[in-house]
Amino acid sequence: MNLSKRLEAILSMIEPCQRLLDIGSDHAFLCIEAVKRGISKTAIAADNKQGPLDISKNNIKNENMSDLVIPVLSDGATNISKPCDCWVIAGLGASTITQILNDSLDKAKLVDQIIISTHSKVEEVRAFLYTNGFNITNQRMIKDGKYYPIIKTNYAGNKYDYTAYDLIIGNIEKDSTYYQWIDHQRKHYLELSKLNSEFDLYYQLFNQESFQNQSQDID
Ligand SMILES: C[S@@+](CC[C@H](N)C(=O)[O-])C[C@H]1O[C@@H](n2cnc3c(N)ncnc32)[C@H](O)[C@@H]1O
């Protein structure tokens, strides 16, 4: 099964686990591959709509994995009773992701690794995590048509005194995709800040980060 570059990146950030819960799993591709590759022993493909779940059921059956990958109708993790040591919440907007976490906060606090990839407003997701005592342990930027940040987190119990930089840019692995994204954002916010001063801070942060990268090249 061929996964998108984004789903491959998410999979690569999962450490071996017992039971993966993919929230908003759509067609269960991630769960099937995680179990097939031995990354997770079993998996739950959760979705809040029957249509995607029916397709998941078929995909799981075609792979002869009906004992190992279980589709469950669930809004977020609310209908999940079995403990899962890894959660993936990907391909959703920031407000849906924070709502899912908030609705099942006690469960989320017990999860060893939560991998999050939002399609929008990553700063809202980071603010939610920091405010609720989660640690962000790893962050990567993937370009798969668009740029997608991927966050790895777990509950630590201590509130982090975050800065605007932590929310808007974040401590992302500094590879070539990261610097392409920084440059893309710098140009994007330069244009936006000409129209609306609300975006000045965004431009300043991306411009500074871009400048630091150029300085390192000169060194
Ligand atoms: C765009 S797909 C993302 C699929 C996959 N996770 C990915 O990243 O490619 C979003 C899926 O999440 C489901 N979804 C939306 N809100 C949800 C919620 N609150 N709980 C569970 N699933 C949800 C949708 O039905 C849809 O199948």
Side-chain angles (χ1 to χ4, degrees), residues 1-14 17 19-37 39-40 42-63 65 68-111 113-122 124-126 128-129 132 134 136 138-153 172 177 181:
M1 187 173 282
N2 280 338
L3 293 184
S4 67
K5 195 172 165 188
R6 181 179 55 85
L7 287 181
E8 278 293 349
I10 290 170
L11 209 54
S12 76
M13 287 171 76
I14 302 176
C17 58
R19 188 183 292 117
L20 164 69
L21 169 61
D22 184 15
I23 299 174
S25 81
D26 203 2
H27 298 166
F29 294 144
L30 189 85
C31 287
I32 290 171
E33 278 303 310
V35 174
K36 227 191 230 177
R37 297 184 199 183
I39 296 167
S40 184
T42 61
I44 297 174
D47 207 285
N48 67 348
K49 292 177 199 74
Q50 195 58 51
L53 277 180
D54 290 340
I55 296 170
S56 291
K57 260 182 214 159
N58 256 336
N59 290 339
I60 294 163
K61 204 170 147 215
N62 289 341
E63 298 284 342
M65 296 179 90
L68 297 171
V69 180
I70 313 297
V72 176
L73 185 66
S74 177
D75 183 0
T78 53
N79 209 19
I80 308 298
S81 47
K82 288 196 169 148
C84 299
D85 50 351
C86 176
W87 287 11
V88 170
I89 317 174
L92 295 162
S95 57
T96 307
I97 291 174
T98 54
Q99 185 74 51
I100 286 171
L101 290 168
N102 204 37
D103 287 347
S104 301
L105 204 50
D106 288 343
K107 285 181 192 169
K109 285 179 179 176
L110 301 174
V111 180
Q113 32 175 349
I114 303 180
I115 319 286
I116 296 173
S117 178
T118 177
H119 275 9
S120 69
K121 296 188 183 160
V122 65
E124 276 183 25
V125 175
R126 291 187 180 117
F128 177 90
L129 293 171
N132 285 282
F134 286 79
I136 297 181
N138 192 7
Q139 303 192 63
R140 288 181 62 192
M141 185 59 65
I142 297 300
K143 190 171 184 203
D144 193 359
K146 283 165 55 181
Y147 288 99
Y148 297 102
I150 307 176
I151 291 173
K152 185 167 182 175
T153 183
I172 298 176
T177 308
W181 171 71

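Any value given below was found using the heavy atoms of this structure, including those in side chains, with hydrogens, waters and symmetry copies removed. By convention here, the first residue in the shown sequence is residue 1. Numbering of ligands and ligand atoms starts at 1, following listing order.
- Donor-acceptor pairing under 3.5 Å is lacking for the side chains of Thr177 and Arg140.
- If you number the atoms of ligand 1 from 1 as listed, the ones under 4.0 Å from a heavy atom of Ile100 come out as 18 (C), 19 (N).
- With hydrogens left out, the protein atom closest to atom 1 (C) of ligand 1 is Gly91 O, 3.4 Å, a heavy atom.
- The nearest protein atom to atom 15 (C) of ligand 1, hydrogens excluded, is given as Leu92 CD2, 3.4 Å; this is a heavy-atom distance.
- Atom NZ of Lys152 is surrounded by more than 12 heavy atoms from other residues, nucleotides or ligands within 6.0 Å.
- Contact of the Val88 side chain with the Ile116 side chain is not registered, since no non-hydrogen atoms from C-beta on lie closer than 4.5 Å.
- Summary of contacts: the protein heavy atom closest to atom 19 (N) of ligand 1 is Asp75 OD1, 2.8 Å.
- Ranking protein heavy atoms by distance to atom 4 (C) of ligand 1, first place goes to Gly24 O, 3.3 Å.
- Counting heavy atoms closer than 4.0 Å to ligand 1, residue Ile10 contributes nothing at all.
- Summarising the geometry of Tyr148 relative to Thr118, their closest heavy-atom pair is CD2-O, 4.5 Å, with the distance given to 0.1 Å.
- Atom-to-atom distance recorded for Ser56:OG and Ile44:CD1 is 13.0 Å, nearest 0.5 angstrom.
- For a threshold of 3.5 Å applied to N or O pairs, the pair formed by Ala90 and ligand 1 contains at least one separation below that value.
- Nearest protein neighbour of atom 14 (N) of ligand 1, counting heavy atoms only, is Asn48 OD1, 3.3 Å.
- For ligand 1, the atoms sitting less than 4.0 Å from at least one non-hydrogen atom of Gly76 are 18 (C), 19 (N), 20 (N), 21 (C), numbered in the order shown with element in parentheses.
- Counting heavy atoms only, Asp47 comes closest to atom 25 (O) of ligand 1 of the residues Leu30, Leu7, Val88, Asp47.
- Ser74 counts as a contact of ligand 1, since one of its heavy atoms falls under 4.0 Å from the ligand.
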What's the verdict on side-chain contact (heavy atoms from CB on, under 4.5 Å) for Thr78 and Asp75, showing C-alpha distance, side-chain angles and the deciding distance?
CA-CA 6 Å; Thr78 53; Asp75 183 0; 3.9 Å; yes
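- Every residue meeting the salt bridge (charged side-chain N to carboxylate O under 4.0 Å, His left out) condition with Lys36, not counting sequence neighbours, appears here in chain and number order: Glu33, Glu63.
- Taking every heavy atom of both residues into account, Leu30 and Leu7 meet most closely at CD1-O, 3.7 Å.
- Screening residues 80-99 for side-chain hydrogen bond (donor to acceptor under 3.5 Å, both in side chains), with sequence neighbours left out, gives Gln99-Asp103.
- Residue contacts with ligand 1 include Arg6, since one of its heavy atoms falls under 4.0 Å from the ligand.
- If you check which protein heavy atom lies closest to atom 2 (S) of ligand 1, you get Asp26 OD2, 4.0 Å.
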